[in-house]
Amino acid sequence: MDLDCVEVLPGRLHMLRFPIGQAYVWRDGDALTLIDAGHAGAADAVEGAIRSLGLRPERLERIVLTHCHRDHVGAAGELADRWGAEVLAHALDAPVIRGERPVPEPVLLDWEVPLYAHGLTVPQAPPVRVDRELTDGETLPFGDGAVVVHAPGHTPGSIGVHLPRHGVLFTGDCVAGVGRVMLGVFNVDRAQAEESFRRLAALAPTVACFGHGDPLTTDTAAALQAAAQPATRLPATP
């Protein structure tokens, strides 16, 4: 499997696009951080994509998982074991990622039902070790200080990752960019997800990297803030 590899910030940030979902490679010199990891069986493709960028996968220091869903965590264990990378996830989703608890079931809107069925065609994720459990407000040692932003609603332990010195925000699946900026789908608590969307939008990034959909690099803060407002957000159609 070949991955679509898209440059987001020259020399710093690339998106790896899978058939469903995507991950991001952040570069600090030669040191690499992966934000999410793609589905089970994708480790070879991720390694190939990293090498295609002229980077060394053995310099992968950490994999930050934005939440526990199979299209985000499936390849994390294999990649971490290959290169000795640390796996990080929020404390509320870590037991699910480890296989100790079931994946929380979303409350689906009618139009989400067929999309959710399609999402389940992604291979089920094997249990993945979590080396470090994250909490809101922690600062991680990449991107000149990456801040963990707890953004529950999609799952209880969903997070955003904010790189304030670079104006970059990884939203996980709290926000999507499929056709337009919108609240992510398949939420366990839609009202909580909406509040998390508003919290992420208030960070006013210049670059927003979604779990699904193209990154937003133009008028990003305004687009996020407009989409996060209940009066302007379309509530029941994709």
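What you see below is based on every heavy atom in this structure, not just the backbone, and it leaves out hydrogens, waters and symmetry mates.
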Transitive ILVMFWY cluster of [X], excluding itself - 4.5 Å side-chain cut-off:
{"X": "Ile20", "result": "Val122"}
{"X": "Val103", "result": "Val96"}
{"X": "Phe142", "result": "Val6, Val8, Leu9, Leu13, Met15, Tyr24, Trp26, Ile35, Val64, Leu88, Leu134, Leu140, Val148, Ile159, Val161, Leu163, Val168, Phe170, Val207"}

Can you tell me how far the [atom1] atom of [X] sits from the [atom2] atom of [Y], to the nearest 0.5 Å?
{"X": "Glu7", "Y": "His14", "atom1": "CD", "atom2": "NE2", "result": "4.5 Å"}
{"X": "His67", "Y": "Cys174", "atom1": "NE2", "atom2": "SG", "result": "10.5 Å"}
{"X": "Met182", "Y": "Phe210", "atom1": "CE", "atom2": "CZ", "result": "11.0 Å"}
{"X": "Ile50", "Y": "Arg59", "atom1": "CD1", "atom2": "CZ", "result": "12.5 Å"}
{"X": "Asp144", "Y": "Asp28", "atom1": "CG", "atom2": "CG", "result": "6.5 Å"}
{"X": "Arg70", "Y": "Leu120", "atom1": "CZ", "atom2": "CG", "result": "5.0 Å"}

- Flag if over 12 foreign heavy atoms under 6.0 Å of CD, Glu100: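 More than 12 heavy atoms, drawn from other residues, nucleotides or ligands, come within 6.0 Å of this atom.
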
- Arg101 CZ: over 12 foreign heavy atoms closer than 6.0 Å: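 No, the 6.0 Å shell around CZ holds no more than 12 heavy atoms from other groups.
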
Would the distance check show the side chain of [X] and the main-chain N or O of [Y] forming a donor-acceptor pair, the cut-off being under 3.5 Å?
{"X": "Arg98", "Y": "Val130", "result": "yes"}
{"X": "Glu195", "Y": "Ala191", "result": "no"}
{"X": "Asp71", "Y": "His39", "result": "no"}
{"X": "Glu86", "Y": "Arg62", "result": "no"}

- Any residue meeting salt bridge (charged side-chain N to carboxylate O under 4.0 Å, His left out) with Arg82, in chain and number order, not counting sequence neighbours: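 In terms of salt bridge (charged side-chain N to carboxylate O under 4.0 Å, His left out), with neighbours along the sequence ignored, Arg82 is linked to Asp44, Glu47, Glu78.
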
- Task: Under the salt bridge (charged side-chain N to carboxylate O under 4.0 Å, His left out) rule, collect the residues that match up with Arg56, sequence neighbours excluded.
- Result: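 Partners of Arg56 by the salt bridge (charged side-chain N to carboxylate O under 4.0 Å, His left out) criterion, ordered by chain and then number, come out as Glu58.
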
- May I ask you to check whether Asp173 and His69 show a side-chain donor-acceptor distance below 3.5 Å?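 Checked: Asp173/His69 side chains show no N/O donor-acceptor pair below 3.5 Å.
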
- Exercise: identify the closest heavy-atom pair between Val46 and Leu79: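 Distance-wise, the nearest heavy atoms are CG1-CD1, 3.9 Å.
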
Are [X] and [Y] close enough that some pair of their side-chain heavy atoms sits under 4.5 Å apart?
{"X": "Pro156", "Y": "Pro104", "value": "yes"}
{"X": "Leu53", "Y": "Cys5", "value": "yes"}
{"X": "Asp214", "Y": "Arg17", "value": "yes"}
{"X": "Gln192", "Y": "Asn187", "value": "no"}

- Task: With sequence neighbours excluded, tell me which residues meet side-chain hydrogen bond (donor to acceptor under 3.5 Å, both in side chains) with Thr217.
- Result: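 Checked Thr217 against side-chain hydrogen bond (donor to acceptor under 3.5 Å, both in side chains); zero matches.
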
- Task: With Asp36 as reference, evaluate Val73, Leu16, Leu65 under the side chain to side chain contact (heavy atoms under 4.5 Å, CB included) test and give the passing residue.
- Result: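 Running side chain to side chain contact (heavy atoms under 4.5 Å, CB included) over Val73, Leu16, Leu65 with Asp36 returns exactly one hit, Leu65.
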
- Query: Does Glu194 come within less than 4.0 Å of Arg190, counting only side-chain N to carboxylate O?
  - Reply: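 Looking at Glu194 and Arg190, the cut-off is met.
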
- Item | side chain to side chain donor-acceptor pair (under 3.5 Å) partner of Glu138, the single match among His90, His150, Arg132 |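 So, applying the side chain to side chain donor-acceptor pair (under 3.5 Å) to Glu138 and each of His90, His150, Arg132, only Arg132 qualifies.
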
- Query: Linking I/L/V/M/F/W/Y whenever their side-chain heavy atoms sit closer than 4.5 Å, directly or via other members, would Phe197 and Val188 fall into one cluster?
  - Reply: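 Not linked; separate clusters.
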
